[in-house]
2 protein chains.
Amino acid sequence: MKIRVMLVDDDQMITSSLSYILATDSSIEVVTSCSNGREAIDAIKNNPIDVILMDIRMPICDGVSATKKIMSLYPKVKIIILTTFDEDEYVYEALKNGAKGFLLKNVSPDKLIDAIKAVYNGNILIHQDVALKLTSMLQIKKETSWDIYGLNDTEINIMELIAEGLSNKEIADRVYLSEGTVKNKISEILHKLDLRDRTQMAIFYLKGGSK
Amino acid sequence: MKIRVMLVDDDQMITSSLSYILATDSSIEVVTSCSNGREAIDAIKNNPIDVILMDIRMPICDGVSATKKIMSLYPKVKIIILTTFDEDEYVYEALKNGAKGFLLKNVSPDKLIDAIKAVYNGNILIHQDVALKLTSMLQIKKETSWDIYGLNDTEINIMELIAEGLSNKEIADRVYLSEGTVKNKISEILHKLDLRDRTQMAIFYLKGGSK
DNA sequence: TAAGATGAATGACGAAAGTCATTTCTTAGA
DNA sequence: TCTAAGAAATGACTTTCGTCATTCATCTTA
(Lines give C-alpha, C1' and ligand atoms only; values in the text may rest on other atoms or scores of the structure.)
Protein backbone atom coordinates (compact mmCIF):
# COMPACT_ATOMS: atom_id res chain seq x y z
CA MET A 1 0.00 0.00 0.00
CA LYS A 2 1.54 3.25 -1.12
CA ILE A 3 1.07 6.48 0.76
CA ARG A 4 -1.38 8.49 -1.32
CA VAL A 5 -0.25 12.10 -1.52
CA MET A 6 -1.99 15.21 -2.82
CA LEU A 7 -0.11 18.39 -3.71
CA VAL A 8 -1.71 21.80 -3.35
CA ASP A 9 0.14 24.89 -4.58
CA ASP A 10 -0.73 27.67 -6.98
CA ASP A 11 2.78 27.56 -8.39
CA GLN A 12 2.96 24.92 -11.09
CA MET A 13 6.72 24.79 -10.70
CA ILE A 14 6.44 23.70 -7.10
CA THR A 15 3.89 20.95 -7.65
CA SER A 16 5.75 19.47 -10.57
CA SER A 17 9.11 19.52 -8.84
CA LEU A 18 7.60 18.03 -5.72
CA SER A 19 5.99 15.23 -7.63
CA TYR A 20 9.27 14.63 -9.38
CA ILE A 21 10.99 14.31 -6.03
CA LEU A 22 8.32 12.08 -4.58
CA ALA A 23 8.34 9.79 -7.58
CA THR A 24 11.78 8.63 -6.50
CA ASP A 25 10.33 6.87 -3.47
CA SER A 26 8.49 3.66 -4.17
CA SER A 27 6.25 3.85 -1.13
CA ILE A 28 4.78 7.20 -2.12
CA GLU A 29 2.29 7.90 -4.86
CA VAL A 30 1.25 11.39 -5.90
CA VAL A 31 -2.42 11.13 -6.75
CA THR A 32 -3.43 14.68 -7.62
CA SER A 33 -2.19 18.22 -7.83
CA CYS A 34 -4.41 21.21 -7.13
CA SER A 35 -3.73 24.89 -7.42
CA ASN A 36 -5.79 26.14 -4.47
CA GLY A 37 -7.64 25.09 -1.37
CA ARG A 38 -11.03 25.08 -3.05
CA GLU A 39 -9.89 22.61 -5.68
CA ALA A 40 -8.28 20.46 -3.02
CA ILE A 41 -11.49 20.19 -1.04
CA ASP A 42 -13.32 19.17 -4.19
CA ALA A 43 -10.68 16.75 -5.35
CA ILE A 44 -10.49 14.90 -2.06
CA LYS A 45 -14.12 13.86 -2.43
CA ASN A 46 -13.25 11.57 -5.30
CA ASN A 47 -9.91 10.28 -4.09
CA PRO A 48 -8.94 8.73 -0.81
CA ILE A 49 -5.88 10.66 0.32
CA ASP A 50 -3.40 9.95 3.10
CA VAL A 51 -1.20 13.01 3.13
CA ILE A 52 -1.61 16.50 1.68
CA LEU A 53 1.30 18.82 1.03
CA MET A 54 -0.27 22.24 1.13
CA ASP A 55 1.01 25.69 0.39
CA ILE A 56 -0.08 28.21 2.96
CA ARG A 57 -0.50 31.24 0.74
CA MET A 58 -2.82 30.67 -2.19
CA PRO A 59 -5.53 32.56 -4.04
CA ILE A 60 -9.21 31.67 -3.58
CA CYS A 61 -8.78 29.46 -0.51
CA ASP A 62 -5.61 29.68 1.55
CA GLY A 63 -3.87 26.83 3.30
CA VAL A 64 -5.08 27.61 6.79
CA SER A 65 -8.77 27.66 5.99
CA ALA A 66 -8.44 24.71 3.63
CA THR A 67 -6.78 22.80 6.46
CA LYS A 68 -9.60 23.67 8.80
CA LYS A 69 -12.22 22.61 6.30
CA ILE A 70 -10.53 19.39 5.30
CA MET A 71 -9.81 18.38 8.88
CA SER A 72 -13.46 18.79 9.76
CA LEU A 73 -14.56 16.70 6.80
CA TYR A 74 -11.77 14.13 6.73
CA PRO A 75 -10.09 14.07 10.12
CA LYS A 76 -7.85 11.17 9.20
CA VAL A 77 -6.04 13.02 6.43
CA LYS A 78 -2.61 14.29 7.45
CA ILE A 79 -1.81 17.75 6.22
CA ILE A 80 1.69 19.09 5.89
CA ILE A 81 1.98 22.83 5.50
CA LEU A 82 4.59 24.20 3.15
CA THR A 83 5.73 27.60 4.16
CA THR A 84 8.38 30.22 3.55
CA PHE A 85 10.24 32.24 6.13
CA ASP A 86 7.91 35.16 6.36
CA GLU A 87 4.68 33.44 7.23
CA ASP A 88 5.04 32.83 10.95
CA GLU A 89 1.57 33.95 11.94
CA TYR A 90 -0.14 31.28 9.94
CA VAL A 91 1.83 28.42 11.42
CA TYR A 92 0.25 28.60 14.83
CA GLU A 93 -3.20 28.90 13.31
CA ALA A 94 -2.64 25.95 11.03
CA LEU A 95 -1.38 23.83 13.90
CA LYS A 96 -4.50 24.63 15.86
CA ASN A 97 -6.58 23.68 12.86
CA GLY A 98 -5.03 20.27 12.75
CA ALA A 99 -2.06 20.44 10.42
CA LYS A 100 0.40 17.68 11.24
CA GLY A 101 3.58 18.90 9.62
CA PHE A 102 5.42 22.09 8.76
CA LEU A 103 8.18 22.24 6.19
CA LEU A 104 10.00 25.01 4.43
CA LYS A 105 9.63 24.89 0.69
CA ASN A 106 13.36 24.50 0.19
CA VAL A 107 13.41 21.24 2.13
CA SER A 108 15.79 18.61 0.84
CA PRO A 109 14.25 15.62 -0.99
CA ASP A 110 15.15 13.03 1.59
CA LYS A 111 13.87 15.12 4.46
CA LEU A 112 10.66 15.70 2.58
CA ILE A 113 10.15 11.98 2.18
CA ASP A 114 11.03 11.33 5.82
CA ALA A 115 8.55 13.94 6.87
CA ILE A 116 5.75 12.45 4.83
CA LYS A 117 6.37 9.07 6.39
CA ALA A 118 6.60 10.46 9.92
CA VAL A 119 3.36 12.35 9.51
CA TYR A 120 1.70 9.40 7.82
CA ASN A 121 2.57 7.41 10.94
CA GLY A 122 0.67 9.91 13.01
CA ASN A 123 3.51 12.04 14.30
CA ILE A 124 3.63 15.78 14.22
CA LEU A 125 6.79 17.02 12.58
CA ILE A 126 7.89 20.59 12.49
CA HIS A 127 10.88 21.53 10.40
CA GLN A 128 13.96 23.03 11.97
CA ASP A 129 13.54 26.65 10.98
CA VAL A 130 9.80 26.69 11.48
CA ALA A 131 10.35 25.07 14.85
CA LEU A 132 12.75 27.82 15.81
CA LYS A 133 10.18 30.47 15.15
CA LEU A 134 7.41 28.51 16.79
CA THR A 135 9.31 27.90 20.01
CA SER A 136 10.44 31.49 20.12
CA MET A 137 6.83 32.51 19.66
CA LEU A 138 5.84 30.32 22.55
CA GLN A 139 8.72 31.57 24.62
CA ILE A 140 7.82 35.17 23.96
CA LYS A 141 4.37 34.38 25.24
CA LYS A 142 5.97 32.80 28.27
CA GLU A 143 8.14 35.59 29.53
CA THR A 144 7.92 39.17 28.42
CA SER A 145 10.58 41.51 29.68
CA TRP A 146 8.59 43.99 31.66
CA ASP A 147 11.70 46.01 32.39
CA ILE A 148 11.22 47.84 29.14
CA TYR A 149 8.08 49.36 30.57
CA GLY A 150 10.10 50.56 33.54
CA LEU A 151 8.59 48.11 35.98
CA ASN A 152 10.63 46.89 38.93
CA ASP A 153 10.40 43.49 40.59
CA THR A 154 7.74 44.37 43.13
CA GLU A 155 5.58 45.92 40.48
CA ILE A 156 5.90 42.92 38.19
CA ASN A 157 5.07 40.71 41.12
CA ILE A 158 1.95 42.67 41.93
CA MET A 159 0.90 42.63 38.31
CA GLU A 160 1.19 38.84 38.27
CA LEU A 161 -1.02 38.60 41.33
CA ILE A 162 -3.59 40.87 39.74
CA ALA A 163 -3.49 38.59 36.72
CA GLU A 164 -4.37 35.77 39.08
CA GLY A 165 -7.46 37.64 40.10
CA LEU A 166 -6.47 38.61 43.64
CA SER A 167 -7.91 41.62 45.47
CA ASN A 168 -5.75 44.36 46.93
CA LYS A 169 -6.13 42.90 50.39
CA GLU A 170 -5.03 39.48 49.19
CA ILE A 171 -2.10 40.93 47.34
CA ALA A 172 -1.09 42.90 50.42
CA ASP A 173 -1.01 39.69 52.45
CA ARG A 174 1.08 37.94 49.87
CA VAL A 175 3.74 40.58 49.38
CA TYR A 176 3.81 41.77 53.01
CA LEU A 177 2.81 45.33 52.27
CA SER A 178 -0.16 47.31 53.51
CA GLU A 179 -3.25 47.45 51.37
CA GLY A 180 -2.71 51.17 50.89
CA THR A 181 0.77 50.65 49.58
CA VAL A 182 -0.47 48.03 47.19
CA LYS A 183 -2.98 50.55 45.87
CA ASN A 184 -0.21 53.07 45.38
CA LYS A 185 1.92 50.52 43.54
CA ILE A 186 -0.97 49.68 41.30
CA SER A 187 -1.54 53.34 40.49
CA GLU A 188 2.12 53.55 39.60
CA ILE A 189 1.96 50.50 37.32
CA LEU A 190 -1.17 51.78 35.60
CA HIS A 191 0.58 55.04 34.83
CA LYS A 192 3.66 53.33 33.49
CA LEU A 193 1.63 51.05 31.26
CA ASP A 194 -0.88 53.74 30.38
CA LEU A 195 -3.82 51.64 31.47
CA ARG A 196 -6.97 52.49 33.35
CA ASP A 197 -7.72 49.73 35.85
CA ARG A 198 -6.68 46.34 37.18
CA THR A 199 -8.77 44.46 34.64
CA GLN A 200 -6.97 46.09 31.74
CA MET A 201 -3.75 45.29 33.54
CA ALA A 202 -4.60 41.60 33.88
CA ILE A 203 -5.49 41.47 30.20
CA PHE A 204 -2.30 43.24 29.25
CA TYR A 205 -0.28 40.82 31.32
CA LEU A 206 -1.97 37.70 30.00
CA LYS A 207 -1.51 38.82 26.45
CA GLY A 208 2.18 39.06 27.14
CA GLY A 209 2.46 42.79 27.19
CA SER A 210 0.51 43.93 24.18
CA LYS A 211 -2.69 45.87 23.89
CA MET B 1 30.66 12.32 14.79
CA LYS B 2 28.18 10.34 16.78
CA ILE B 3 25.09 11.89 18.32
CA ARG B 4 25.82 12.16 22.02
CA VAL B 5 22.79 11.09 24.03
CA MET B 6 22.00 11.35 27.73
CA LEU B 7 19.28 9.27 29.40
CA VAL B 8 17.36 10.59 32.39
CA ASP B 9 14.91 8.31 34.18
CA ASP B 10 14.51 7.20 37.75
CA ASP B 11 13.69 3.70 36.59
CA GLN B 12 16.90 1.77 36.04
CA MET B 13 15.06 -0.66 33.82
CA ILE B 14 14.13 2.07 31.39
CA THR B 15 17.58 3.60 31.08
CA SER B 16 19.29 0.27 30.58
CA SER B 17 16.81 -0.96 28.01
CA LEU B 18 17.00 2.36 26.18
CA SER B 19 20.76 2.28 26.06
CA TYR B 20 20.57 -1.30 24.84
CA ILE B 21 18.29 -0.21 22.02
CA LEU B 22 20.39 2.80 21.11
CA ALA B 23 23.58 0.75 21.06
CA THR B 24 22.29 -0.93 17.94
CA ASP B 25 22.69 2.26 15.94
CA SER B 26 26.22 3.18 15.04
CA SER B 27 25.55 6.91 14.77
CA ILE B 28 24.32 7.20 18.34
CA GLU B 29 26.35 7.08 21.51
CA VAL B 30 24.84 6.99 24.98
CA VAL B 31 27.16 9.06 27.12
CA THR B 32 25.51 9.09 30.54
CA SER B 33 22.46 7.95 32.43
CA CYS B 34 20.98 9.92 35.29
CA SER B 35 18.14 9.12 37.62
CA ASN B 36 16.68 12.60 38.06
CA GLY B 37 16.72 16.13 36.70
CA ARG B 38 19.13 17.41 39.32
CA GLU B 39 21.75 14.83 38.36
CA ALA B 40 21.21 15.57 34.70
CA ILE B 41 21.87 19.27 35.15
CA ASP B 42 25.08 18.44 37.00
CA ALA B 43 26.20 15.80 34.55
CA ILE B 44 25.77 17.99 31.52
CA LYS B 45 28.38 20.40 32.87
CA ASN B 46 31.11 17.86 32.29
CA ASN B 47 29.87 16.33 29.05
CA PRO B 48 28.89 17.93 25.83
CA ILE B 49 25.49 16.46 25.00
CA ASP B 50 23.43 16.61 21.82
CA VAL B 51 20.17 14.96 22.77
CA ILE B 52 18.58 14.15 26.12
CA LEU B 53 15.88 11.53 26.54
CA MET B 54 14.09 12.63 29.67
CA ASP B 55 11.38 11.08 31.75
CA ILE B 56 8.74 13.60 32.74
CA ARG B 57 7.87 12.27 36.18
CA MET B 58 10.86 11.93 38.46
CA PRO B 59 11.67 12.53 42.11
CA ILE B 60 13.80 15.52 43.18
CA CYS B 61 13.65 17.41 39.88
CA ASP B 62 10.96 16.56 37.34
CA GLY B 63 11.32 16.60 33.58
CA VAL B 64 9.57 19.88 32.97
CA SER B 65 11.64 21.97 35.35
CA ALA B 66 14.82 20.17 34.32
CA THR B 67 14.00 21.00 30.71
CA LYS B 68 13.49 24.63 31.59
CA LYS B 69 16.74 24.81 33.49
CA ILE B 70 18.80 22.99 30.90
CA MET B 71 17.37 24.99 28.00
CA SER B 72 18.30 28.22 29.73
CA LEU B 73 21.85 27.02 30.36
CA TYR B 74 22.45 25.03 27.18
CA PRO B 75 19.98 26.18 24.55
CA LYS B 76 21.51 23.98 21.87
CA VAL B 77 20.73 20.74 23.62
CA LYS B 78 17.71 18.93 22.20
CA ILE B 79 15.46 17.41 24.79
CA ILE B 80 13.04 14.60 24.05
CA ILE B 81 10.40 14.03 26.69
CA LEU B 82 9.40 10.47 27.47
CA THR B 83 5.89 10.27 28.74
CA THR B 84 3.07 7.88 29.48
CA PHE B 85 -0.57 8.26 28.63
CA ASP B 86 -1.71 10.02 31.72
CA GLU B 87 0.58 13.02 31.76
CA ASP B 88 -1.04 15.38 29.31
CA GLU B 89 -0.74 18.52 31.37
CA TYR B 90 3.01 18.44 31.37
CA VAL B 91 3.41 18.14 27.64
CA TYR B 92 2.29 21.65 26.82
CA GLU B 93 4.45 23.07 29.58
CA ALA B 94 7.47 21.13 28.42
CA LEU B 95 6.96 22.29 24.85
CA LYS B 96 6.84 25.87 26.01
CA ASN B 97 10.03 25.30 27.96
CA GLY B 98 11.84 24.19 24.86
CA ALA B 99 11.50 20.42 24.64
CA LYS B 100 11.91 19.29 21.05
CA GLY B 101 10.40 15.84 21.07
CA PHE B 102 7.67 13.86 22.75
CA LEU B 103 7.58 10.09 22.73
CA LEU B 104 5.64 7.47 24.59
CA LYS B 105 7.82 5.12 26.60
CA ASN B 106 6.63 2.11 24.67
CA VAL B 107 7.98 3.51 21.41
CA SER B 108 9.45 0.97 19.02
CA PRO B 109 13.27 0.88 18.68
CA ASP B 110 13.40 2.10 15.10
CA LYS B 111 11.00 4.95 15.77
CA LEU B 112 13.04 5.95 18.77
CA ILE B 113 16.17 6.14 16.68
CA ASP B 114 14.38 8.04 13.92
CA ALA B 115 13.10 10.48 16.46
CA ILE B 116 16.52 11.14 17.93
CA LYS B 117 17.89 11.87 14.49
CA ALA B 118 14.98 14.10 13.53
CA VAL B 119 15.31 16.11 16.70
CA TYR B 120 19.07 16.23 16.40
CA ASN B 121 18.53 17.82 13.01
CA GLY B 122 16.51 20.55 14.63
CA ASN B 123 13.03 19.32 13.98
CA ILE B 124 10.30 19.08 16.55
CA LEU B 125 8.77 15.63 16.63
CA ILE B 126 5.72 14.68 18.57
CA HIS B 127 4.68 11.08 18.75
CA GLN B 128 1.34 9.97 17.39
CA ASP B 129 -0.57 9.46 20.61
CA VAL B 130 0.89 12.49 22.32
CA ALA B 131 0.11 14.51 19.21
CA LEU B 132 -3.51 13.45 19.38
CA LYS B 133 -3.86 14.79 22.88
CA LEU B 134 -1.92 17.92 22.12
CA THR B 135 -4.01 18.90 19.14
CA SER B 136 -7.20 18.22 21.01
CA MET B 137 -5.87 20.40 23.80
CA LEU B 138 -5.15 23.18 21.36
CA GLN B 139 -8.55 22.82 19.81
CA ILE B 140 -10.23 23.10 23.15
CA LYS B 141 -8.28 26.24 23.81
CA LYS B 142 -9.37 27.57 20.43
CA GLU B 143 -13.07 27.81 21.02
CA THR B 144 -14.62 27.23 24.36
CA SER B 145 -18.32 26.57 24.39
CA TRP B 146 -19.59 28.91 27.05
CA ASP B 147 -23.02 27.34 26.79
CA ILE B 148 -21.97 24.67 29.18
CA TYR B 149 -21.70 27.32 31.86
CA GLY B 150 -25.25 28.35 31.10
CA LEU B 151 -24.31 31.64 29.49
CA ASN B 152 -26.54 33.11 26.78
CA ASP B 153 -25.41 35.25 23.86
CA THR B 154 -25.70 38.62 25.57
CA GLU B 155 -23.77 37.38 28.54
CA ILE B 156 -21.01 35.94 26.40
CA ASN B 157 -20.91 39.22 24.52
CA ILE B 158 -20.56 41.23 27.69
CA MET B 159 -17.87 38.90 28.94
CA GLU B 160 -15.91 39.46 25.75
CA LEU B 161 -16.13 43.20 26.20
CA ILE B 162 -14.95 42.91 29.78
CA ALA B 163 -12.04 40.88 28.48
CA GLU B 164 -11.26 43.83 26.24
CA GLY B 165 -10.99 46.01 29.29
CA LEU B 166 -14.11 48.12 28.85
CA SER B 167 -15.94 49.80 31.73
CA ASN B 168 -19.61 49.22 32.43
CA LYS B 169 -20.50 52.53 30.82
CA GLU B 170 -18.58 51.64 27.67
CA ILE B 171 -20.14 48.21 27.53
CA ALA B 172 -23.59 49.73 27.97
CA ASP B 173 -22.99 51.97 24.95
CA ARG B 174 -21.85 49.05 22.85
CA VAL B 175 -24.67 46.67 23.59
CA TYR B 176 -27.41 49.31 23.81
CA LEU B 177 -28.38 48.57 27.37
CA SER B 178 -28.37 50.81 30.41
CA GLU B 179 -25.36 50.80 32.65
CA GLY B 180 -27.49 49.36 35.43
CA THR B 181 -28.60 46.46 33.31
CA VAL B 182 -25.04 45.75 32.35
CA LYS B 183 -24.17 45.60 36.02
CA ASN B 184 -26.99 43.15 36.59
CA LYS B 185 -25.84 40.99 33.69
CA ILE B 186 -22.35 40.97 35.08
CA SER B 187 -23.59 39.89 38.48
CA GLU B 188 -25.43 37.10 36.78
CA ILE B 189 -22.36 35.96 34.85
CA LEU B 190 -20.22 36.06 37.97
CA HIS B 191 -22.67 33.81 39.74
CA LYS B 192 -22.83 31.35 36.90
CA LEU B 193 -19.08 31.15 36.64
CA ASP B 194 -18.56 31.31 40.38
CA LEU B 195 -16.18 34.25 40.16
CA ARG B 196 -15.79 37.37 42.26
CA ASP B 197 -15.21 40.33 39.99
CA ARG B 198 -14.69 41.49 36.42
CA THR B 199 -10.95 40.98 36.57
CA GLN B 200 -11.33 37.33 37.42
CA MET B 201 -13.85 37.13 34.61
CA ALA B 202 -11.46 38.60 32.07
CA ILE B 203 -8.77 36.17 33.18
CA PHE B 204 -11.18 33.27 33.00
CA TYR B 205 -12.21 34.27 29.51
CA LEU B 206 -8.70 34.77 28.21
CA LYS B 207 -7.62 31.43 29.57
CA GLY B 208 -10.37 29.85 27.53
CA GLY B 209 -12.67 28.99 30.37
CA SER B 210 -10.43 27.46 32.98
CA LYS B 211 -9.40 28.65 36.37
C1' DT C 1 -57.92 37.41 29.94
C1' DA C 2 -55.16 36.26 33.77
C1' DA C 3 -51.02 34.23 35.35
C1' DG C 4 -46.38 33.59 34.64
C1' DA C 5 -42.07 34.00 32.54
C1' DT C 6 -38.49 36.91 30.54
C1' DG C 7 -35.68 41.01 29.71
C1' DA C 8 -34.60 45.64 30.86
C1' DA C 9 -34.41 49.45 34.01
C1' DT C 10 -34.05 51.95 38.41
C1' DG C 11 -32.28 53.45 42.81
C1' DA C 12 -30.10 52.66 46.90
C1' DC C 13 -26.42 50.68 49.16
C1' DG C 14 -21.79 48.84 50.66
C1' DA C 15 -17.46 47.51 49.24
C1' DA C 16 -13.65 47.75 46.54
C1' DA C 17 -10.66 50.33 43.56
C1' DG C 18 -7.83 54.17 42.31
C1' DT C 19 -5.79 59.05 43.27
C1' DC C 20 -3.11 62.12 45.78
C1' DA C 21 -0.91 64.82 49.33
C1' DT C 22 1.50 63.97 53.28
C1' DT C 23 4.02 61.47 56.88
C1' DT C 24 6.98 57.87 58.66
C1' DC C 25 10.63 54.73 58.35
C1' DT C 26 15.21 53.09 56.34
C1' DT C 27 19.37 53.37 54.74
C1' DA C 28 23.35 54.75 51.96
C1' DG C 29 26.77 58.19 51.87
C1' DA C 30 28.98 62.84 52.97
C1' DT D 1 26.42 61.79 63.03
C1' DC D 2 23.56 64.13 59.94
C1' DT D 3 20.99 64.17 55.91
C1' DA D 4 18.92 63.41 51.53
C1' DA D 5 16.65 59.90 48.81
C1' DG D 6 13.56 56.16 48.44
C1' DA D 7 10.36 52.87 50.05
C1' DA D 8 6.31 52.11 52.76
C1' DA D 9 2.35 53.75 55.11
C1' DT D 10 -1.61 56.71 56.10
C1' DG D 11 -5.86 59.16 55.52
C1' DA D 12 -9.15 61.46 52.98
C1' DC D 13 -11.63 61.48 48.93
C1' DT D 14 -13.88 60.20 44.30
C1' DT D 15 -15.22 56.87 41.30
C1' DT D 16 -16.45 52.53 39.85
C1' DC D 17 -18.14 47.94 40.90
C1' DG D 18 -21.19 44.56 42.30
C1' DT D 19 -25.59 43.30 44.89
C1' DC D 20 -30.30 43.38 45.58
C1' DA D 21 -35.12 44.46 45.85
C1' DT D 22 -38.41 46.36 43.05
C1' DT D 23 -40.77 48.09 38.96
C1' DC D 24 -42.15 48.12 34.17
C1' DA D 25 -42.97 46.27 29.66
C1' DT D 26 -43.46 42.46 26.63
C1' DC D 27 -44.55 38.04 25.34
C1' DT D 28 -46.24 33.31 26.09
C1' DT D 29 -49.58 29.94 27.13
C1' DA D 30 -53.00 27.83 29.90
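Here is the naming used below: chain letters follow the sequence lines, and residue numbers restart at 1 for every chain.
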**Student:** Taking side chain to side chain donor-acceptor pair (under 3.5 Å) as the test, write out the residues that go with A:Asp62, two or more places apart.
**Tutor:**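 Applying side chain to side chain donor-acceptor pair (under 3.5 Å) to A:Asp62 gives A:Ser65.
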**Student:** For residues 39-51 of chain A, which side-chain donor-acceptor pairs fall under 3.5 Å, sequence neighbours excluded?
**Tutor:**
from: A:Glu39; atom 1: OE1; to: A:Ser35; atom 2: N; distance (Å): 3.2
from: A:Glu39; atom 1: OE2; to: A:Ser35; atom 2: OG; distance (Å): 2.9
from: A:Asp50; atom 1: OD2; to: A:Arg4; atom 2: N; distance (Å): 2.8

**Student:** Could you list where the contact with chain B starts and ends along DNA chain D, reading 5' to 3', using a 4.0 Å heavy-atom cut-off?
**Tutor:**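 Endpoints of the contacted stretch of DNA chain D: D:dC17 to D:dC20.
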**Student:** Quick one: side chain to side chain donor-acceptor pair (under 3.5 Å) partners of A:Glu155, sequence neighbours excluded?
**Tutor:**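 Listed in chain order: A:Lys192.
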**Student:** Test of understanding: with salt bridge (Lys or Arg N to Asp or Glu O under 4.0 Å), list the residues that count as partners of B:Asp173, not counting sequence neighbours.
**Tutor:**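 For B:Asp173, the residues satisfying salt bridge (Lys or Arg N to Asp or Glu O under 4.0 Å) (neighbours in sequence not counted) are B:Lys169.
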**Student:** For A:Lys105, what residues pass the salt bridge (Lys or Arg N to Asp or Glu O under 4.0 Å) criterion, not counting sequence neighbours?
**Tutor:**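 Checked A:Lys105 against salt bridge (Lys or Arg N to Asp or Glu O under 4.0 Å); matches are A:Asp9, A:Asp55.
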**Student:** Please encode protein proximity along nucleotides 14-19 of chain C as a string of B, S and -, counting only heavy-atom distances under 4.0 Å.
**Tutor:** ---BBB
**Student:** With A:Thr181, which residues qualify under side chain to side chain donor-acceptor pair (under 3.5 Å), at least two apart?
**Tutor:**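 Counting only residues at least two positions away or on another chain, A:Thr181 forms a side chain to side chain donor-acceptor pair (under 3.5 Å) with A:Ser178.
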**Student:** Ignoring backbone atoms, establish whether B:Thr181 has a side-chain N or O less than 4.0 Å from OP1 or OP2 of C:dA8.
**Tutor:**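 Result: no.
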**Student:** Please identify each residue that fulfils salt bridge (Lys or Arg N to Asp or Glu O under 4.0 Å) with A:Glu188, with sequence neighbours left out.
**Tutor:**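 For A:Glu188, no residue satisfies salt bridge (Lys or Arg N to Asp or Glu O under 4.0 Å) once neighbours in sequence are set aside.
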**Student:** Flag the pair A:Lys117 and B:Asp114 as a salt bridge only when some basic side-chain nitrogen lies within less than 4.0 angstrom of an acidic carboxylate oxygen.
**Tutor:**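 No, no charged N to carboxylate O under 4.0 Å.
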